Amino acid sequence: MKEIKKIGVLTSGGDAPGMNAAVRAVTRTAIYNGLKVVGIHEGYQGLLQKDTFELGSRTVGHLIQRGGTLLRSARCKEFETAEGRKKAYDYIQEIGLDGLVVIGGDGTFTGASIFSDEYNIPVIGIPATIDNDIFGTDATIGFDTALNTIVEAVDKIRDTASAHNRLFLIEVMGRDAGFIALRAGIATGAESILLPEFEEYQTKLREYLEQKHKRSKQNGIIIVSEGSKIKAYDIYKEITKEHPEYDVRLSILGHLQRGGSPSAYDRVIASQLGVAAVEALLTDRSNEMVGIRNNQVVYVPLSDSIKEDKALNKNLLRIVDILSI
Ligand code: ATP
């Protein structure tokens with residue numbers, strides 16, 4: 001293995017609060033170990049457009065508390081082609097990078113894994129996505145912050161739901177995984193939750209609507225994951241048609257879920273994973289993701305992290321059923 005003297009770091013895919021904290025940790029750990037660090041703008045695109053700059057320990061000062069990403073993020077179609085990756089590799093050679101740390105989600109890791117196999121360049125992935133849908137790690141950077149943002153918003157909506165005796169359908173992010181919806185639903189005491197993974201919750205929602213009608217209490221919160229088989233707007237139309245007794249409103253939280261200052265938890269795991277990523281490169285590891293399992297840092301092959309589907313915690317589902325009576 002070639003000695004690691006200079007590394008590059010990039011953030012790619014959807015932005016997540018805490019990406020900055022991870023960039024800071026990677027930069028300072030590298031400098032602490034005598035390495036040079038290059039920041040790559042806008043994910044893989046920065047390698048293709050030669051858009052990079054040297055990171056110093058002061059460049060990343062006062063960054064830990066900031067949302068978004070200093071390096072900016074982008075989706076880069078060209079990197080999905082062999083020609084695009086060749087261009088990226090040529091530039092990596094030109095500026096003399098001996099390793100890469102990529103911060104992002106499963107798409108970012110797919111690209112990293114292919115690239116590392118093709119060109120034998122050491123790559124370590126740090127999981128950062130609000131969706132928490134990466135196998136091999138209990139948490140991804142940004143998930144906790146997004147959840148807290150959602151809880152704050154839903155609590156406010158609950159006030160108006162109670163005041164006006166309204167039923168609110170609230171769509172939350174998570175793409176085709178229900179991690180955000182499940183935890184947000186539990187934390188806000190939602191009356192019902194619709195998850196992409198379990199269609200039977202549609203039946204439970206319909207039962208809930210019937211029961212409340214009989215008990216004449218019509219306010220409540222229903223959390224709908226954006227990946228749910230039945231979409232929030234379709235349920236809204238269904239309730240309006242089938243249950244005119246409900247004063248129903250639809251609220252799509254949207255991109256506010258992705259922004260904001262990272263929570264303490266996200267800052268801590270971003271710092272842990274940033275340190276672990278650089279230490280992994282220094283100990284000849286490659287093609288792996290650094291993750292957190294049972295509060296310990298773990299190394300997972302990138303191929304596993306992208307191949308396997310992470311399962312929802314069945315115990316949390318049981319809690320929903322018990323507590324939403
Ligand atoms: P999030 O989960 O927040 O959406 P992500 O990392 O999954 O983040 P993607 O847009 O899926 O986001 O992927 C980010 C980038 O990774 C892509 O724009 C592309 O540059 C690269 N990438 C994704 N899939 C591949 C692939 N099959 N081959 C090469 N590169 C890829």
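As a basis for the values below, the full set of heavy atoms in this structure was taken, side chains included, without hydrogen atoms, waters or symmetry mates. Ligands are counted one by one from 1 in listed order, and the atoms in each one are counted from 1 as well. What you see is a predicted model; the values in this text were computed from it and never measured.
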Once you restrict to heavy atoms under 4.0 Å, what part of Tyr44 touches ligand 1? Side chain, backbone, both or neither.
side chain

Numbered atoms and elements of ligand 1 in range of Thr110, under 4.0 angstrom, heavy atoms:
26 (C), 27 (N)

Using side chain to side chain donor-acceptor pair (under 3.5 Å) as the criterion, point out the one residue from Glu118, Glu78, Glu80 that pairs with Arg85.
Glu118

What is the ring orientation for Tyr89 with Tyr119, classed by angle as parallel under 30°, tilted 30 to 60°, or perpendicular over 60°?
parallel

Relative to ligand 1, is Ile130 under 4.0 angstrom through side chain, backbone, both or neither, heavy atoms considered?
neither

Take every heavy atom of Ser12, measure it against each atom of ligand 1, and state whether any distance is under 4.0 Å.
yes

Side-chain polar contacts of residues 169-186 - donor-acceptor pairs under 3.5 angstrom, sequence neighbours left out - could you list them?
from: Arg175; atom 1: NE; to: Asp131; atom 2: OD2; distance (Å): 3.3

Looking only at N/O atoms, are Asp106 and ligand 1 under 3.5 Å apart anywhere?
yes

Whether Lys156 and Glu152 form a salt bridge (side-chain N of Lys/Arg under 4.0 Å from carboxylate O of Asp/Glu) is what I want to check.
yes

Would you call the rings of Tyr236 and Tyr233 parallel, tilted or perpendicular if under 30° counts as parallel and over 60° as perpendicular?
parallel

For ligand 1, is there an atom lying under 4.0 Å from some heavy atom of Arg175?
yes

Counting only heavy atoms, which portion of Thr129 has something under 4.0 Å from ligand 1: side chain, backbone, both, or neither?
side chain

Just go through Arg258, Arg75, Arg85 and tell me whose heavy atom is the nearest to atom 12 (O) of ligand 1.
Arg75

With Lys310, the side chain to side chain donor-acceptor pair (under 3.5 Å) member among Asn132, Asp133, Thr137
Asn132

For Arg24, the side-chain hydrogen bond (donor to acceptor under 3.5 Å, both in side chains) test, sequence neighbours excluded, returns none

N or O pair under 3.5 Å between Gly105 and ligand 1
yes

Would you say ligand 1 has an N or O under 3.5 Å from any N or O of Asp133?
no

